[in-house]
Amino acid sequence: MTEQTTPPIDPADDLPEQMRVRREKRDRLLVETGDAYPVGYPRTATLAEIRARYAELPTDTASGDTAAVTGRVIFIRNTGKLCFATLRDGDGTELQAMLSLDRVGADRLADWKRLVDLGDHVGVTGEVITSRRGELSVLVDTWAVTAKALRPLPVAHKPLSEEARVRQRYVDLIVRPQARQMVRTRAAAVRSLRDSLHDRSFVEVETPMLQLIHGGAAARPFVTHSNALDTDLYLRIAPELFLKRAVVGGIDRVFEINRNFRNEGIDSSHSPEFAMLEAYEAYGDYDTMATLARQLVQEAAVAVSGSTVVTHADGTELDLGGEWRSVTLFGVLSEALGEEVSVTTERARLAQYAEKVGMAVDPKWGPGKLAEELFEELVVPGLREPTFVRDYPEETSPLTRSHREQPGLTEKWDLYVLGFELGTAYSELVDPVVQRERLVAQAQLAARGDAEAMRLDEDFLRAMEYGMPPAGGMGMGIDRLLMALTGLGIRETILFPLVRAE
RNA sequence: GGGCCGCUAGCUCAAUGGCAGAGCUGUGGACUUUUAAUCCAUAGGUUCAGGGUUCGAGUCCCUGGCGGCCCA
């Protein structure tokens, strides 16, 4: 129940002291200087421009030039008659401002000490000089608060808790250079992917996020609702079926970089929304896609770090250069088991291996799925260097062309690095009759309650019946790529990852 | 879904069942060359929420919330 007659309690009354103090400073700025949030500041140079222009200015020298600069106060040291502040620009460049009694006068010096806090945005105008310690500085004549911060910054030299970093990324970005760097690293990597694909005549398209039927992968979808159509829609789990429609229509080299949504677990390597590159190339196959994937990653590494050898946050190096190791699924699994297994190995024997290593076996798994599970358990954690794992069983890859030489296998590879899957590619299945058979089988699984199985997409099958050229298709996780390039967890690579409500 | 660990000042963290603390931050003061400045003084708490045991609970028990790790 709301009491209408009494005025609401001033929320400021209930604030922690430090926020109350900052609000009072804001009020004083409004009253005494007219504004705490002016429309701008007559800036003549960015901090980076000043740093570049006066890089050679010797210690304890006055340049004779006046500049007006802006930045967030990230460091402040006030003494009796001389104050120092470090300003930082959005690009991370820092520059010192110095306020001396003889330049700004007693009143404005007192104002500075009284009203300016760590975290405020300010503009300062004065001569560009170097301090006695050689620090490039603006010796201030006039200054203004351009945006008063009402919340204190966290302690600069203690790491924020993991949770605070993710929930308040804006604070993380202010206090942690690596967080700012990740934003730019990610942008550089994504830009590199686009440039590399454009260089190879791939056309970028955007296909539906909202789909009537979700398909192209095995995953549980998010469901939403269209009021206009009065029908449920799915957030896409993959763009695959639309990109193939585009190839049918003659977009021979096509790609999309966009988000997929999977209504599944959230942990250090899984986000419910994740960015993905998918590319299709008419008259390509899984070999041309392997070359493409390798070049995309190597060019992204160079774009991000200048070398195909990337250095991770913990200091370890990862060499992404050269040709990459290429193995077959059953070859590398046989190696791990110490005995030869193949796609024709009976399920019972594979189940024995699973039991031996203490793996839980789902009775619904066929021999192909069982082999893949064994591979994931025994082999994947050790795949640190980039490795193509080729030739998966037909059983688990319904949208993949059968192997041109080996019955029961498909022309599919998964690319592993640092023990996780970075990408996957197929020689695409383009026979519409076989495609329909396999999709019908999947739909029957769905009817038995397998939420991950695909429903039958008749429009996709109709498109295929018009004839899709032979093609290679490839998918790569963008967040995973950033993990490979930086060695960080997925929540660090995503600027604003989904978190539970506070 | 299961198990374990955590949640205390703005931030990072202490505190045998017995007065809820430190550093940084803040506030007041000193200091015209600081670089995580220094010195003096000082403020700041619904200990995640609710319930229970107890003379007494941040601490023990129960329920819930949020987070992390491991497992499925």
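Reminder, nothing fancy here: chain letters follow the sequence lines and each chain counts from 1.
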Rounded to whole Å, please give me the gap between [atom1] in [X] and [atom2] in [N].
X: Asn263(A); N: rG1(B); atom1: CG; atom2: P; answer: 13 Å
X: Lys113(A); N: rG26(B); atom1: NZ; atom2: C1'; answer: 17 Å
X: Glu163(A); N: rG65(B); atom1: CD; atom2: P; answer: 15 Å
X: Asn78(A); N: rG29(B); atom1: CG; atom2: C1'; answer: 13 Å
X: Leu95(A); N: rU35(B); atom1: CG; atom2: C1'; answer: 13 Å
X: Leu109(A); N: rG29(B); atom1: CG; atom2: P; answer: 13 Å
X: Ile76(A); N: rU38(B); atom1: CD1; atom2: P; answer: 15 Å
X: Leu101(A); N: rU33(B); atom1: CG; atom2: C1'; answer: 15 Å

Side chains of [X] and [Y]: donor-acceptor distance under 3.5 Å anywhere?
X: Glu372(A); Y: Thr396(A); answer: yes
X: Arg43(A); Y: Thr70(A); answer: yes
X: Thr125(A); Y: Tyr41(A); answer: yes
X: Asp60(A); Y: Thr130(A); answer: no

Interatomic distance at [atom1], [N] relative to [M], whole Å:
N: rU8(B); M: rU46(B); atom1: P; answer: 12 Å
N: rG44(B); M: rG21(B); atom1: P; answer: 12 Å
N: rA57(B); M: rC48(B); atom1: C1'; answer: 16 Å
N: rC66(B); M: rC24(B); atom1: P; answer: 36 Å
N: rG56(B); M: rG18(B); atom1: P; answer: 14 Å
N: rU33(B); M: rA9(B); atom1: P; answer: 38 Å
N: rG29(B); M: rC69(B); atom1: P; answer: 47 Å
N: rA30(B); M: rA49(B); atom1: P; answer: 41 Å

Pairing check on [N]: which nucleotide meets the Watson-Crick or G-U wobble criteria with it, both distances under 3.5 Å?
N: rU47(B); result: none
N: rG67(B); result: rC5(B)
N: rA22(B); result: rU12(B)
N: rA41(B); result: rU27(B)
N: rU32(B); result: none
N: rG17(B); result: none
N: rU53(B); result: none

Quiz prompt | Arg347(A) CZ: over 12 foreign heavy atoms closer than 6.0 Å | solution =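 Enclosed: over 12 neighbouring heavy atoms sit under 6.0 Å from CZ of Arg347(A).
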
Can you tell me which nucleotide in [options] comes closest to the side chain of [X]?
X: Phe84(A); options: rG26(B), rU33(B), rC66(B); answer: rU33(B)
X: Glu135(A); options: rG67(B), rU35(B), rG26(B); answer: rU35(B)
X: Asp117(A); options: rU32(B), rU27(B), rU33(B); answer: rU27(B)
X: Arg132(A); options: rU33(B), rG26(B), rU32(B); answer: rU33(B)

Exercise. Assign a letter to each nucleotide of nucleotides 7-12 of chain B from its 5' end: B, base within under 4.0 Å of a protein heavy atom; S, sugar-phosphate only; -, no contact.
Key: ---BBS

Quiz item: On the ring face of Tyr426(A), is Lys412(A) found with NZ or CZ under 6.0 Å from the centre and within 45° of the axis?
Solution: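 No, cation not above the ring by the 6.0 Å, 45° rule.
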
Exercise. Step by step, work out the side chain to side chain donor-acceptor pair (under 3.5 Å) result for Thr46(A) and Asp89(A).
Key: CA-CA 8 Å; Thr46(A) 65; Asp89(A) 240 344; 4.6 Å; no

Exercise. Pick base, sugar-phosphate or nothing for Lys25(A), based on heavy-atom distances below 4.0 Å to the nucleic acid.
Key: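 Sugar-phosphate, no base atom in range.
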
Practice problem: Check whether any side-chain nitrogen or oxygen of Arg167(A) sits under 4.0 Å from OP1 or OP2 of rG67(B), and answer yes or no. | Solution: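 For Arg167(A), the contact criterion (side-chain N or O under 4.0 Å from OP1 or OP2 of rG67(B)) is met.
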
Exercise. Indicate yes or no: at least one non-hydrogen side-chain atom of Leu350(A) is less than 4.5 angstrom from one of Glu346(A).
Key: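 The answer is no, as the side chains (C-beta and beyond) never meet within the 4.5 Å cut-off.
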
Quiz item: Under 6.0 Å between the ring centres of Phe496(A) and Tyr170(A)?
Solution: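 Here the rings of Tyr170(A) and Phe496(A) have centres that are no less than 6.0 Å from each other.
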
Quiz prompt | Residue whose closest nucleotide on RNA chain B lies nearer the 5' end, Arg22(A) versus Arg103(A) | solution =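 The 5'-side residue here is Arg22(A).
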
Quiz item: Considering heavy-atom distances to RNA chain B, does Glu377(A) or Asp60(A) have its closest nucleotide positioned more toward the 5' end?
Solution: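 So the residue in question is Asp60(A).
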
Quiz item: Under a 4.0 Å N-O cut-off, is there an ion pair linking Arg186(A) with Asp479(A)?
Solution: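 Salt bridge flag = yes for Asp479(A) with Arg186(A).
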
